[in-house]
Amino acid sequence: MEYKNINNRVTILCSGGCGRSVTLRKSKVEKFDYYLCDSRKDGKSCREFIPKCPEGMIAVESMNAVACFTGISYKIPTEEERASIARAKQIRESGIRYIKEQKQEMKNIIINILIY
């Protein structure tokens, strides 16, 4: 993250190394560790350039944290966030089981149709 001061304005460069930047008032900048441009051309490659989230931490993202740039920071989750993550994993696993059951049910229906 690089700052260039221009009379109470700051220029934020994309952390992905693509060279895109945005200049705005300091008061409009939300504090994050990384800022990504999310451009259609370079956005995905920019995301690959920043470090992966360390084990045991969570990524906090805010769209439009700096104009059109997404802000990303890594932090240790609180107990409430850990409980939320556990609930989300349970819901995901339940959904995966349901989809597998429905797939098998559809296969059985198709087999019965073809046999008879």
Side-chain angles (χ1 to χ4, degrees):
M1 161 177 63
E2 295 185 35
Y3 293 99
K4 296 178 185 174
N5 191 355
I6 306 171
N7 299 332
N8 200 27
R9 295 176 70 78
V10 71
T11 298
I12 305 292
L13 301 175
C14 177
S15 300
C18 69
R20 283 187 169 68
S21 66
V22 64
T23 301
L24 65 163
R25 291 190 317 260
K26 285 181 183 180
S27 62
K28 298 292 183 182
V29 176
E30 289 183 46
K31 179 72 173 127
F32 284 93
D33 296 329
Y34 306 99
Y35 298 99
L36 296 178
C37 66
D38 287 334
S39 74
R40 289 180 189 245
K41 182 180 176 188
D42 297 319
K44 287 186 179 179
S45 60
C46 289
R47 188 170 288 271
E48 293 169 2
F49 187 77
I50 65 170
K52 301 293 180 209
C53 187
E55 188 72 30
M57 297 182 87
I58 59 172
V60 177
E61 290 192 28
S62 178
M63 293 178 68
N64 304 324
V66 175
C68 59
F69 283 27
T70 296
I72 300 175
S73 287
Y74 301 133
K75 70 174 205 143
I76 296 172
T78 64
E79 287 302 317
E80 184 178 325
E81 290 166 333
R82 287 178 195 200
S84 178
I85 291 167
R87 287 190 305 272
K89 285 180 180 180
Q90 288 175 341
I91 291 169
R92 183 190 70 197
E93 292 303 319
S94 175
I96 290 171
R97 275 194 309 275
Y98 178 77
I99 290 170
K100 285 181 181 178
E101 290 170 4
Q102 292 300 310
K103 254 182 155 175
Q104 186 59 46
E105 197 173 303
M106 290 303 293
K107 284 181 184 178
N108 292 341
I109 290 171
I110 291 170
I111 289 171
N112 288 335
I113 291 172
L114 294 175
I115 290 174
Y116 298 108

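Here the structure is a predicted model, which means the values were calculated and not measured.
Separation of atoms CD1 (I12) and SG (C37) is listed at 13.5 Å; rounding is to 0.5 Å. For the atom pair OG of S27 and CZ of R9, the computed distance is 10.0 Å after rounding to the nearest 0.5 Å.
In this view, S21 and T11, L13 satisfy the side chain to side chain contact (heavy atoms under 4.5 Å, CB included) rule, not counting sequence neighbours. Take K75 and apply the side chain to side chain donor-acceptor pair (under 3.5 Å) test, not counting sequence neighbours, and it matches E81. For Q104, the side chain to side chain donor-acceptor pair (under 3.5 Å) criterion is met by N108, not counting sequence neighbours. Remark: I96 pairs with R92, E93, K100 by the side chain to side chain contact (heavy atoms under 4.5 Å, CB included) rule, at least two apart or across chains. Every residue meeting the side chain to side chain contact (heavy atoms under 4.5 Å, CB included) condition with E80, not counting sequence neighbours, appears here in chain and number order: T78.
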Listed pairs under 3.5 Å, donor-acceptor, residues 55-74 side chains, sequence neighbours left out:
{"from": "E61", "atom 1": "OE1", "to": "R47", "atom 2": "NH2", "distance (Å)": "3.4"}
{"from": "E61", "atom 1": "OE2", "to": "R47", "atom 2": "NH1", "distance (Å)": "3.0"}
{"from": "T70", "atom 1": "OG1", "to": "D38", "atom 2": "OD2", "distance (Å)": "2.1"}
{"from": "S73", "atom 1": "OG", "to": "D33", "atom 2": "N", "distance (Å)": "2.9"}
{"from": "Y74", "atom 1": "OH", "to": "P51", "atom 2": "O", "distance (Å)": "2.4"}

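Within the 4.5 Å cutoff, side-chain heavy atoms of V29 are placed close to those of Y35.
Taken together through direct or relayed side-chain contacts under 4.5 Å among Ile, Leu, Val, Met, Phe, Trp and Tyr, I109 and Y98 form parts of separate hydrophobic clusters.
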